[in-house]
Amino acid sequence: MDDSINFQKIERKWQKRWKESKIFQVKENSKKKKFYNLEMLPYTSGLGLHMGHVRNYSIGDSFARFKRMNGFNVLYPMGFDAFGLPAENAAIKNNIHPKKYTDKAITLYKNAMERIGLSYDWSRELATCNPDYYKWNQYFFLKFLENGLIYRKKAPVNWCPKCNTVLANEQVINGKCWRHEDTEVKTKYLEQWFIRTTKYTEELLEYIDKLDWPEKIKSMQKNWIGKSEGTEILFEINQKKWPVFTTRPDTIYGVTFMVISAQHQKLDELVTKKQKKNVEKFLKKIRATTEKDADILEKEGVFTGSYAINPINKEKIPVYAGNFVLAEYGSGMVMAVPAHDQRDFEFAKKYKIPIRTVIKPKKSDANAQKLKKAYTQNGRLVNSEKFDGLENSKAIKEISKYLERKKLGKRIVQYKLRDWLISRQRYWGTPIPIIWCGHCGFVPSPEEDLPILLPKNVKFGEKNPLETNANFIKTTCPKCGRPARRETDTMDTFFDSSWYYLRYCDPKNNKEPFSTEKINHWMPVDRYIGGAEHAVLHLLYARFFTKALRDLGYLKFDEPFTSLFNQGIVHKNGLRMSKSKGNVVTQEEIEKKYGIDTGRIYVLSVAAPGKDIEWDDKDIGGSFRFINKSMALLERSKNIKMEEKVESKTNLVIKRVTEEMEYFGMNKAIRILMEYVDYLYSIEIIPKKALESFSLLLNPFAPHISEEMWERLGNNTFASIQKWPRFDEKKINMDYEIEEQYLQDIFSDLRDVSKFVKSFKEIKIIVASEWKNTLFKKISVIGRKKELISELMKTAGFKKQSRFTIDSAQKYMKNPGNIPERLLGMQKEFEILVQNQKDFEKEFKAKVNVVLEENSKDQKANKAAPGKPAIILK
RNA sequence: GCAGGGGUAGCCAAGUGGUCAACGGCGCUGGGUUUAGGACCCAGUCUCAUAGGAGUUCGUGAGUUCAAAUCUCAUCCCCUGCACCA
């Protein structure tokens, strides 16, 4: 094997040529079918890439290359999510400007990507912090505002003390900030800008089922949108009607108390003077506990002193304040049915509130008083006056209708999805194009003033630097001309990444965000590749954006991403690879040690692309050997006609690799190629044609080696834009596969013989150094002569298949009708195989002897120990 | 609790009715090469064996089939996401 291959040199060479020749640039082309292959916009951390990144991008790249070579017009762009807090914080820490910091990070990132050999169309590169990009953020902001999709509202909002800004609901995870796992998000009551995502709630939900996305992501989105159908029932408390949402109106006769959220804004209205002290004590207690651990809280509450009247039977029931009712969901108050809801049950037990069964299982006479837990299954109504005997599923409808008729309630649909809060009190983002005027209130910046530039010279301190920047703030009102102030909040960076995939279609357009024509040509994205962590953030916002822009007439499709693929995560020492955990294997070290193609082959072949993998430094050796072996094939290549057998194998390999790639089976495709390399390796003179196909098949995975091989085979074109090798089904002859299998069996037998010979200690050295290697070479040479193969095959009737043959094949014979077609052929083969066991050993040994004797003539006699025969098989 | 994904040899992992005792990689063992180490190359690696033979395997238990790692049912365990959502 050639140790002297300089992989880095080869890689640099091709990267340079790709760049200069611009072969990966695409234009709209009506003759070829378009394919939009996209990876999620990466956030530029400034920390270089590790093998986790290499895997992600290699997956996308291999698919883009495959599609491209298969005649598609592939749009495969890349850009950078460049605004955002981490950059701002890092910049402050290192005392450089975020712009400088970000630019540096982008250069680093892009450079690293080029060194992976990714086939991006870099002419479409974008960075969200450039004014020619964020100008259109502002533009869309104004359009949304015009069309009522953006509004301002004073509301309780999530505030992260570490980020020093508000957050969207989607950015709060288990009450903590999405960027700071250890930081509790606080609730503040502020006036902020909101996007009316809820206008599309129903459509966002409905269309999920039409998407070719992982089930997991789909269910996460459904969950997040959280639709539930139910009934809002009006309970009268202190002469006032209080709406209460429930999905179980069938249990209304079982309501024995009410619970209002302890955080409910109108809780005070219900607390009587007598109970005031108790309630306050309780609230204090809750506040103390939520700080600690809100996980498995016991259900607790306190009587408010007020009573509600059940509208259906006028019963008077106590109202409690409780810690297990969410203020933000539904109406912030629940009707409690302890017999049929586990939480209510626990609460009732604790405070000794009566439990009344109103639903009985059909086949039992369970008694409420004996219940150990709530009965939540279906059944028939009891204790429910005129609804007694109804099946509860029907009762839900009947009782709702009845309440509606009596104007005591109505059926409604509840969602968990809230509007998207996009104001951020930070510097490094898109300025919100709004002007505050003492007379006119807020006034949108005129479109022709866009972009409202983010000022460069600012002071970083405690507050948002924009607030202290007089130059930026000072302006005049576009309406009345009086002095006015600019809005100092910036936009959530998820706004930036909600439409970047559209901008790629027309990245240089300075008259409009994109031309409708180009969008409609390229969109939707055919294959979107990225991590599962964006399930409810980016992916939901982007879907909303698409729908909103559709209704504003900018585009003509409903969903941005037809098909989504979540790549697996690369772990090391059991943890996700990340700089902060100190467990990264960098792209650079792999590149230097083996060349990046080896790295690509490794991360793509070690497991299916969707699966997580555990990095082991040692595992990569196999991939390196594969690459080296591939290159070594070149030395034995000649422009000869392909034998039928090699042709069959080659066609089969092309077929199988192609099929695997269609379904994202990069790992399997590479395994097939690995087998193929071993196969070619066993051939003395390798037909150039076979190697040409191979070098092209290799392109999606190891593009540099692919190009290098292609060139060394005498081509002066780019492998990366050649046509994908085609296979001819007619040339695939499975007999050869079977034959090969037999041959392999023969080899394995030869090895057994060699082992046998080895057991004679006195000739060990000879056997080991001379006999073994040369013998195999000899066999493989004569083995390709047809006559010999068939002869050997005849004698080879032994091996493993025998177990299958006799028992089950005989049963087939009895019912020939039941035998599947393809098995018939197999059966015949087996029949031949079973014979001849007895005579084998003799014949075989005789043959081996011949070979060995021939062989021994070539050997350097002096290596054999003096006086010992080289072969003693007789 | 709900939803999704898993459990295959010492480890990672391919395989989703029949060329399956189960690709590949790592580790380990033996050999070659090398001044040595590394790297590289070759072979072996479930168990037993009178060594081309037999037995037992794909979380566990049952079932379907001539045939099950693969299909069905039950069950246990692990991971991931969501969750006092009324």
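Proteins come first, then strands; the chains are lettered A, B, ... in the order of their sequence lines, and each starts at number 1.
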What does [X] touch in the nucleic acid at a heavy-atom separation under 4.0 angstrom: a base, only the sugar-phosphate, or nothing?
| X | result |
| --- | --- |
| A:Val325 | base |
| A:Ala608 | sugar-phosphate |
| A:Lys611 | sugar-phosphate |

(request) Rounded to the nearest angstrom, tell me the gap between atom NZ in A:Lys416 and atom C1' in B:C2. (result) 10 Å
(request) With RNA chain B as reference, determine whether A:Arg343 or A:Met220 sits nearer its 5' end, using the nearest nucleotide of each. (result) A:Met220
(message) Closest-nucleotide mapping onto RNA chain B: is A:Ala327 or A:Met674 further toward the 5' terminus? I mean the 5' end.
(response) A:Met674
Heavy-atom donor-acceptor pair, [X] side chain to [Y] backbone, under 3.5 Å:
| X | Y | result |
| --- | --- | --- |
| A:Glu346 | A:Arg343 | no |
| A:Glu232 | A:Thr246 | no |
| A:Lys299 | A:Asn323 | no |

Whom does [N] pair with, Watson-Crick or G-U wobble, provided both distances fall under 3.5 Å?
| N | answer |
| --- | --- |
| B:C20 | none |
| B:A36 | none |
| B:A3 | B:U80 |
| B:U29 | B:A43 |
| B:C48 | B:G53 |
| B:A74 | B:U60 |

Same-atom distance ([atom1]) from [N] to [M], integer angstrom:
| N | M | atom1 | value |
| --- | --- | --- | --- |
| B:A62 | B:G81 | C1' | 33 Å |
| B:C23 | B:C85 | C1' | 49 Å |
| B:A21 | B:C48 | C1' | 14 Å |

(message) I'd like to know whether the aromatic ring centres of A:Phe324 and A:Phe347 sit less than 6.0 Å apart in this structure.
(response) yes
(message) Is the distance from the ring center of A:Tyr594 to that of A:Phe7 below 6.0 Å?
(response) no
